Enquirer: 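Can you keep this structure in mind? I'll have questions shortly.
Model, not experiment: these values are computed from the prediction.
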Amino acid sequence: MSSTEELLKRLGVSIDAGTLRLALTHRSYAYENGGIPTNERLEFLGDSILGFSVTDALYRDNPDLPEGELAKRRSAVVSTRALAGIGRSLGIGEFIYLGQGEKLTHGKNKASILADTMEALIGATYVSNDIETARRLVMRLIGPMLKDAAVLGAGTDWKTSIQELAASRQLGSIHYAVDGSGPDHARTFTAVLNIGGNAYGKGSGHSKKEAEQEAAADAWRVLSGAGAQDTAGTSAGSAAAK
């Protein structure tokens, strides 16, 4: 099986060879190869199809939710972070055509590149087939996330969400301890989120912001999973104090 066939098998769709190669062509590769076309037009198209498909599903499946909550849920599942996660789970990075500079800085694992490529692949699916085929691809990839309370509860700004959660439980002040390692052109950052002096989450990324968001998301999941226990503990403590 060729690499192209393997990718299409993972996606579960058929895309003609020329359109598929275009969807996988990052601008860094195009620049180094004489300014050939990039995947940015397909990305633009795929972004619109993604947004519509998710909006349609949310509207139909949640008749009682207000507009603000629908918008929050849509933002959560079409975010760069969410799309990059899907891209990583499918191993999309190994198929992307990247310039030498991006290869040296581990571009195949960068959230922005993975997310943009996923949108381009959605656009390519539409171009090679039809809107219904592209919509089914979106639902197959995104559908499970629409039912993920952890993802939908916090949305895209995990730092704000964890701050609100920590404040509501009076857990104490928040502090991010961030360390960087590696050469300047391929630096990796690791962040540990401390709340009230206790470590609750850890994350990593190619920027401080990305590492902190990952740590906040990790802490949010930990605290949400232990929500009932924490609340009970706090209540018991309050009762004892009285």
Enquirer: Please determine whether a side-chain nitrogen of the Lys or Arg among Glu132 and Arg135 lies less than 4.0 Å from a carboxylate oxygen of the Asp or Glu.
Expert: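 Salt bridge between Glu132 and Arg135, a charged N being under 4.0 Å from a carboxylate O: yes.
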Enquirer: Going by atom types only, do Asp16 and Ser128 share a side-chain donor-acceptor pair under 3.5 Å?
Expert: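 Distance-only check passes for Asp16 and Ser128.
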Enquirer: Can you tell whether the side chains of Lys108 and Glu94 come within less than 4.0 Å, N to carboxylate O?
Expert: no
Enquirer: Tell me whether the count of non-hydrogen atoms from other residues, nucleotides or ligands lying under 6.0 Å of CZ in Arg10 goes above 12.
Expert: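 Counting neighbours around CZ of Arg10, more than 12 heavy atoms of other residues, nucleotides or ligands fall under 6.0 Å, so yes.
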Enquirer: Determine whether Ser28 and Lys103 satisfy the following criterion, side-chain hydrogen bond (donor to acceptor under 3.5 Å, both in side chains), listing intermediate values before the conclusion.
Expert: CA-CA 10 Å; Ser28 62; Lys103 286 182 179 179; over 6 Å; no
Enquirer: Knowing that exactly one of Ile131, Asp130, Leu137 qualifies, which makes a side chain to side chain contact (heavy atoms under 4.5 Å, CB included) with Thr133?
Expert: Asp130
Enquirer: Are the charged groups of Glu212 and Lys208 less than 4.0 angstrom apart, N to O?
Expert: no
Enquirer: So, the side chain of Arg74 versus the backbone of Gly51: is there a donor-acceptor pair under 3.5 Å, distance only?
Expert: no
Enquirer: Are any side-chain N or O atoms of Thr117 and backbone N or O atoms of Ile113, one a donor and one an acceptor, separated by less than 3.5 Å?
Expert: yes
Enquirer: Between Glu5 and Lys9, does at least one N-O distance fall below 4.0 Å, as a salt bridge requires?
Expert: no
Enquirer: Measuring from atom CG of Leu171 to atom CG of Asn194, what distance do you get when rounded to the nearest 0.5 angstrom?
Expert: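 Reported value, rounded in 0.5 Å steps: 12.5 Å.
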Enquirer: Do the side chains of Glu210 and Arg81 get close enough for a salt bridge, i.e. N-O under 4.0 angstrom?
Expert: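 Here Glu210 does not pair with Arg81 in a salt bridge, since their nearest N and O are not under 4.0 Å apart.
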Enquirer: How long is the straight-line distance from CD1 of Ile86 back to CG of Leu121, given to the nearest 0.5 Å?
Expert: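 With rounding to 0.5 Å, CG (Leu121) is 11.5 Å from CD1 (Ile86).
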Enquirer: What is the minimum heavy-atom distance between Ala57 and Leu146, and which atoms define it?
Expert: CB-CD1, 4.2 Å
Enquirer: Is it possible for you to check whether Lys159 lies under 6.0 Å from the centre of the six-membered ring of Tyr176, through NZ or CZ, and within 45° of that ring's axis?
Expert: yes
Enquirer: Hey, could you give me the OG/CZ distance between Ser204 and Phe189, rounded to the nearest 0.5 Å?
Expert: 11.5 Å
Enquirer: One pair to check against salt bridge (Lys or Arg N to Asp or Glu O under 4.0 Å): Glu214 and Lys202. What are the steps and the verdict?
Expert: CA-CA 7 Å; Glu214 290 284 351; Lys202 185 175 182 180; over 6 Å; no
Enquirer: To the nearest 0.5 angstrom, please state how far the OH atom of Tyr97 sits from the CG atom of Asn39.
Expert: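 Between atom OH of Tyr97 and atom CG of Asn39 there are 12.0 Å.
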Enquirer: Quick check: does any side chain N or O of Arg27 sit under 3.5 Å from a backbone N or O of Pro37, one acting as donor and the other as acceptor?
Expert: no
Enquirer: Of all the heavy-atom pairs spanning Ile162 and Ala216, show the shortest one and how long it is.
Expert: CG2-CB, 3.9 Å
Enquirer: Only one of Val77, Leu50, Leu114, Asp47 clears side chain to side chain contact (heavy atoms under 4.5 Å, CB included) with Leu83; which?
Expert: Leu50
Enquirer: Under a single-linkage definition using a 4.5 Å side-chain heavy-atom cutoff for Ile, Leu, Val, Met, Phe, Trp and Tyr, are Ile174 and Val192 assigned to the same hydrophobic cluster?
Expert: no
Enquirer: Could you tell me which non-hydrogen atom of Leu42 sits nearest to which non-hydrogen atom of Thr19, and how far apart they are?
Expert: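 Nearest pair, atom of Leu42 first, then Thr19: CD1-O, 3.9 Å.
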